[in-house]
Asks: 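Below is one structure. I have some questions about it.
Side chains included, hydrogens not; waters and symmetry mates left out as well; all remaining heavy atoms used. Note that the structure is predicted; figures quoted are calculated from it, not measured.
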Amino acid sequence: KSENTRKTYLTSIRPMLHTLLPAEPALEEVDGLSVIDVAERVEPLNGRLDRWVHSLSDLKPSSFNTKLAAARHLLNWLGHRWPEHLVRARAGRRLPRTLTRRELSDVLEAAQWYEDPLARVVVTMMLDTGLRVSEVCDLDLDALDLDDQSAMVRSGKGDKDRLVLFTERTLEGLQAWIPIRTALTDSSEEACLVNRHGRRLQPRSVQRMMDTLGEQAGLPKGKLTPHVLRHNFATGLLERGADLVTIQRLMGHATIATTRVYLEISDQTLREVYHRAQALRQNMNEQEHENEQMMDTTPSTSASGLETTL
């Protein structure tokens with residue numbers, strides 16, 4: 001599992017271990033528990049797992065399923081059998097959010113004039129490569145191949161390496177950034193993208209940057225995120241005729257089912273364009289009708305009504 005997944009699982013499992021059975025004393029610390037102690041504590045038949053799952057009933061389906069996945073992973077590792085009555089919550093599929101072309105243009109302009117030169121590099125790289133924010137931050141300088149206009153993402157999500165390709169815009173941004181980076185860091189720093197202190201860029205810093213850029217671009221609060229730029233990359237490829245398998249490889253999706261959701265975005269975009277066109281056509285027809293009525297009721301002067309003198 002990736003480092004982020006391990007952190008999420010650990011955060012989810014701690015409350016389960018702290019869940020108390022009737023008349024059971026509180027557990028002060030879980031870090032000191034041995035593997036045997038943990039195995040006994042989460043034994044599926046003692047009722048602790050059921051009480052913990054019941055406490056999660058108010059969570060959103062996605063959050064509930066994440067915590068359930070963490071517990072299932074732990075029980076499987078310990079050799080326990082997962083209870084069949086504990087099942088994932090059904091979640092309605094939400095379409096990934098994307099920005100309009102106008103919004104993207106405003107974001108790119110805001111990044112161009114942002115006080116930190118790193119902003120333009122980050123925005124264009126995420127928008128043109130589809131990299132996850134963690135992958136952008138983890139990208140090392142030696143993973144770049146500027147001659148080939150590509151980079152190797154090592155141990156991405158699911159510990160899978162993949163090749164990402166650069167556009168001319170991203171390549172120019174990186175070439176302009178590298179001398180700035182060199183001035184900020186020493187030879188021991190491996191990161192491609194660093195902050196003003198010369199240390200590796202962190203995902204939280206990227207999100208703060210997105211918040212500021214979104215505000216400067218006039219977007220609603222929270223609409224601009226690293227993942228939104230990633231979604232725009234995928235939908236842009238699809239709208240330009242790329243097939244799902246290619247998009248899957250470029251995005252680093254484990255299964256094509258994850259990629260298929262972008263088909264629904266494309267269909268939704270098609271419907272929106274169609275309805276806008278139909279509304280425009282209706283407005284034009286109404287305007288033409290009004291113009292015809294005005295012509296019918298406007299007084300006119302004929303040549304026969306004029307007196308001429310020769």
Asks: Hey, is the main chain of G130 close enough, under 3.5 Å, to the side chain of R230 for a donor-acceptor pair?
Replies: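 At least one qualifying donor-acceptor pair exists.
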Asks: May I ask you to check whether S34 and D37 show a side-chain donor-acceptor distance below 3.5 Å?
Replies: yes
Asks: Given 3.5 Å as the limit, does a donor-acceptor pair link the side chain of S105 with the main chain of R101, or not?
Replies: no
Asks: Just so I know, are the side chains of D106 and L219 near enough to count as touching, which here means a heavy-atom distance under 4.5 Å?
Replies: no
Asks: Check S150 against F166 and note the closest heavy-atom contact, atom names and distance.
Replies: O-CE1, 3.4 Å
Asks: Distance from L86 atom CG to E84 atom CD, nearest 0.5 Å?
Replies: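 Rounded to the nearest 0.5 Å, the CG-CD separation comes to 10.5 Å.
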Asks: In sequence, state the C-alpha distance, the side-chain angles, and the governing distance for V42 and L49, and then conclude on side-chain contact (heavy atoms from CB on, under 4.5 Å).
Replies: CA-CA 6 Å; V42 299; L49 184 60; over 6 Å; no
Asks: Test of understanding: clusters of I, L, V, M, F, W, Y form through side-chain heavy atoms closer than 4.5 Å, transitively. Do V35 and L17 belong to the same one?
Replies: yes
Asks: Can a donor-acceptor pair be found, under 3.5 Å and without considering hydrogens, that links the side chain of S55 to the backbone of W52?
Replies: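 Yes: the side chain of S55 pairs with the backbone of W52.
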Asks: Check whether W82 and W77 end up in the same hydrophobic cluster, where Ile, Leu, Val, Met, Phe, Trp and Tyr are linked by side-chain heavy atoms less than 4.5 Å apart.
Replies: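 Same cluster: W82 reaches W77 through Ile, Leu, Val, Met, Phe, Trp or Tyr contacts under 4.5 Å.
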Asks: Considering all heavy atoms of both residues, which atom of Q149 and which atom of E168 are nearest to each other, and what is their separation?
Replies: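 Result for this residue pair: OE1-OE2, 3.1 Å.
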Asks: Taking all atoms of both residues into account, what is the closest heavy-atom pair of L163 and L250, and its distance?
Replies: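 Closest approach of L163 to L250: O-CD2, 4.4 Å.
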Asks: Are V136 and M152 co-members of a hydrophobic cluster defined by side-chain heavy atoms under 4.5 Å apart?
Replies: no
Asks: Using 0.5 Å steps for rounding, measure from the SG atom of C192 to the CG atom of L144.
Replies: 4.5 Å
Asks: Evaluate whether atom CZ of R169 has more than 12 neighbouring non-hydrogen atoms of other residues, nucleotides or ligands under 6.0 angstrom away.
Replies: yes
Asks: How long is the span from the CG atom in L229 to the CG atom in L127, to the nearest 0.5 Å?
Replies: 5.5 Å
Asks: According to a hydrophobic-cluster definition based on side-chain heavy atoms being under 4.5 Å apart (Ile, Leu, Val, Met, Phe, Trp, Tyr only), do F233 and V245 belong together?
Replies: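 Yes, same cluster.
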Asks: Considering non-hydrogen atoms only, spot the tightest contact between Y114 and Q216 and give its length.
Replies: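 Answer, listing the atom of Y114 first, then Q216: CD1-OE1, 3.8 Å.
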Asks: Report yes or no: does N46 contribute a side-chain atom to a donor-acceptor pair with the main-chain N or O of R41 at less than 3.5 Å?
Replies: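 Such a contact is found between N46 side chain and R41 backbone.
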Asks: Would you say R249 and T246 are linked by a side-chain donor-acceptor pair, where the criterion is simply a distance under 3.5 Å?
Replies: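 No, no side-chain donor-acceptor pair sits under 3.5 Å.
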Asks: Are any of the side-chain heavy atoms of V133 and Q207 separated by less than 4.5 Å?
Replies: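 Answer no - side chains too far apart.
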Asks: Is it the case that the side chain of D140 and the backbone of D142 share a donor-acceptor pair, with hydrogens and angles ignored and the cut-off at 3.5 Å?
Replies: no
Asks: Hey, could you give me the OG/CG distance between S205 and L193, rounded to the nearest 0.5 Å?
Replies: 11.5 Å
Asks: For a side chain to side chain donor-acceptor pair (under 3.5 Å) with R48, tell me which candidate from E43, E40, E24 qualifies.
Replies: E24
Asks: Heavy atoms only: give me the nearest G173-R120 pair and the separation to one decimal.
Replies: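 Minimum heavy-atom separation between G173 and R120: CA-NH1, 3.8 Å.
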Asks: For R204, does its backbone N or O pair with a side-chain atom of Q202 as donor and acceptor, under 3.5 Å?
Replies: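 Looks like no, no N/O pair under 3.5 Å.
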Asks: What heavy-atom pair brings M126 and L131 nearest, and what distance separates the two atoms?
Replies: CE-O, 3.5 Å
Asks: For the CG atom of L118 and the CZ atom of R181, what is their distance to the nearest 0.5 Å?
Replies: 11.5 Å
Asks: Around atom CD1 of I36, are there more than 12 heavy atoms of other residues, nucleotides or ligands at under 6.0 Å?
Replies: no
Asks: In this structure, would L33 and L78 fall into the same cluster of hydrophobic residues linked by side-chain contacts under 4.5 Å?
Replies: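 Same hydrophobic cluster.
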Asks: Quick one: does R200's side chain have a donor or acceptor within less than 3.5 Å of a partner on C137's backbone?
Replies: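 Flag set: sc R200 to bb C137 pair under 3.5 Å.
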Asks: Would T167 and T170 count as having a side-chain donor-acceptor pair, cut-off 3.5 Å?
Replies: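 T170 and T167 do have a side-chain donor-acceptor pair below 3.5 Å.
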Asks: Atom CG in L213, atom CE in M210: separation rounded to 0.5 Å?
Replies: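 Atom-to-atom, L213:CG and M210:CE are 6.0 Å apart.
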